[in-house]
Amino acid sequence: MPLRRPTLFLAPRALALGLWAAVPAPGFAVEAPAVPVPPPLPPERPNELKPPQSPEQKPTPLSEAVKPTPPVRPAELTPPAKEAAPETPKPEIPTPPPTPPDRPPELSGEAALALKVAPPDDTACRTRLKRLGVAFEPLPPIAEGQCTAPLPLKVTKLADDITLPGGATLTCQVAESFARWATEVQVVADRTLKHPLTGLELGGTYVCRGQNHDVDAKLSDHAFAAAVDVMGFAFAGRASIPVKAMPAGSEEADFLASVRSKACGFFRTVLGPGTNAAHANHFHFDDRERNAGHRLCE
């Protein structure tokens, strides 16, 4: 008995020491065993362990397998076959192609040059002028080369007895716009100057010339009696006001600025002092049509 006791006492200590040696010390990584890439295939099964297989049980390769055919569609679910539409034969183009028909005699040569476009009817416009209190008379058609006005009017007086010394040769449309603008000028004169407007000094209406008196420029609207130049304003009981640059803040400057702004509501083109040197001493008004209804108010 005394000899076996040390043996039982030492065995647990030896086991503990072995386990302690197997645990890796902290701070040291355990190197994992290397795995071959790719991993090895398992060993082939021995023939004596393979079950016997008849020739009929051998799998048929996919390439040699016969794919099953779908069932036949029922007749009641089969749509009727569409009949092919007959092709429309294309017309044959003659060779050579036919020539266009001859131009009618009335549209050829001298007859074509003699054709004239009837001027628009301005009867309704003239009626409106009379209702506005405008005094006017018709003039013969103007045909001076490319300068034309088929139905010009000579306007001598506007509403409220606003006189036009020398008269104004204008189309009815421009004369109506001019007369309506003059009624607005009369309102501004009564409010700003406390004196009524009695007359307008004009620089020109119909004149066969180019724009800005340039012989190489395209024709001005004056060449079609569709423009008017205003040089000054006459009043009862006070001095007239010429169209020119006036001292800022003066009643003359306020009056000119107001009537110029009013004109932009009646004409498509409004030019004056500050636009350029050619319009430094007058207002130019016309009704020239531009793309997209654009107006030039400067």
Side-chain angles (χ1 to χ4, degrees), residues 105-130 132 134-158 162-182 199-232 243 263 266-273 275-291 293-298:
E106 62 272 15
L107 297 179
S108 305
E110 296 296 331
L113 297 177
L115 289 176
K116 295 182 179 180
V117 178
D121 186 7
D122 65 351
T123 303
C125 177
R126 296 187 186 195
T127 301
R128 293 192 297 271
L129 283 183
K130 292 178 181 179
L132 288 170
V134 178
F136 65 91
E137 61 183 32
L139 294 175
I142 297 174
E144 190 178 352
Q146 294 183 347
C147 304
T148 59
L151 296 172
L153 301 176
K154 183 177 181 179
V155 181
T156 56
K157 189 179 294 185
L158 303 178
I162 300 174
T163 60
L164 304 175
T169 302
L170 299 168
T171 64
C172 187
Q173 177 183 350
V174 176
E176 182 181 1
S177 298
F178 189 48
R180 294 185 182 278
W181 169 75
L200 295 171
E201 182 184 352
L202 305 183
T205 48
Y206 169 75
V207 184
C208 186
R209 63 172 176 81
Q211 291 182 349
N212 298 330
H213 298 273
D214 187 349
V215 295
D216 295 325
K218 63 181 180 180
L219 290 175
S220 166
D221 279 61
H222 286 286
F224 308 103
V228 57
D229 290 344
V230 178
M231 309 295 294
V243 178
F266 298 96
F267 297 95
R268 292 186 176 91
T269 304
V270 176
L271 307 175
T275 300
N276 51 38
H279 297 89
N281 63 348
H282 68 276
F283 291 142
H284 169 89
F285 306 144
D286 70 52
D287 264 343
R288 172 170 298 202
E289 294 186 3
R290 294 180 174 83
N291 294 336
H294 175 66
R295 290 174 178 264
L296 183 62
C297 185
E298 296 183 348

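You'll find the side chain of T169 reaches within 4.5 Å of the side chain of I142, heavy atoms only. Here the side chains of F136 and K157 are not in contact, with every heavy-atom distance at 4.5 Å or above. Proximity of P138 to R126: side-chain heavy atoms (C-beta onward) are separated by under 4.5 Å at one or more points. Residues F178 and F267 have side chains in contact (heavy-atom distance under 4.5 Å, counting atoms from C-beta outward). Counting heavy atoms from C-beta on, the side chains of V230 and F285 come closer than 4.5 Å. Residues E176 and L132 are in side-chain contact: their nearest non-hydrogen atoms beyond the backbone lie under 4.5 Å apart.
A pairwise comparison of heavy atoms in T205 and A168 identifies CG2-CB, 3.5 Å as the closest pair. When all heavy atoms of P273 and A280 are compared, the closest pair comes out as CG-O, 3.4 Å. Across V134 and A179, no two heavy atoms sit closer than the pair CG2-CB, 3.5 Å. Nearest approach of P141 to P152, heavy atoms of both residues: CA-CD, 4.0 Å. In this structure, A227 and D286 approach most closely via the heavy-atom pair CB-CB, 3.7 Å.
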Note to self: Apply side-chain contact (heavy atoms from CB on, under 4.5 Å) to residues N281 and M231 and explain how you reach the verdict.
What the structure shows: CA-CA 7 Å; N281 63 348; M231 309 295 294; 3.8 Å; yes
Notebook entry, point to check: L164 and L200: side-chain contact (heavy atoms from CB on, under 4.5 Å), yes or no, with the steps?
Noted result: CA-CA 6 Å; L164 304 175; L200 295 171; 3.9 Å; yes
Margin query: Let's go through L129 and C172 carefully: what are the C-alpha distance in whole Å and the side-chain angles of both, what is the deciding distance for side-chain contact (heavy atoms from CB on, under 4.5 Å) to 0.1 Å, and is it a yes or a no?
Written below: CA-CA 8 Å; L129 283 183; C172 187; 3.7 Å; yes
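Between Y206 and the choices E144, K154, H222, the side chain to side chain donor-acceptor pair (under 3.5 Å) rule is met once, by E144.
From R295, atom CZ reaches atom OG1 of T269 across 9.0 Å, with rounding to the nearest 0.5 Å. The CG atom of D287 sits 7.5 Å away from atom OG1 of T171, with the distance rounded to the nearest 0.5 Å. For the atom pair L139 CG and L170 CG, the distance stands at 10.0 Å (nearest 0.5 Å). Here the CG-CZ distance, from D122 to R128, works out to 9.5 Å after rounding to the nearest 0.5 Å. The distance from the CG atom of L202 to the CG atom of D229 is 8.5 Å, given to the nearest 0.5 Å. Here the straight-line distance linking atom OG1 of T156 with atom CD1 of I162 works out to 12.5 Å at 0.5 Å rounding.
Within 6.0 Å of atom CD in Q146, 12 or fewer heavy atoms from other residues, nucleotides or ligands are found, so the atom counts as exposed in its surroundings.
Panel note: side chain H279, backbone L271; no donor-acceptor pair is recorded below 3.5 Å.
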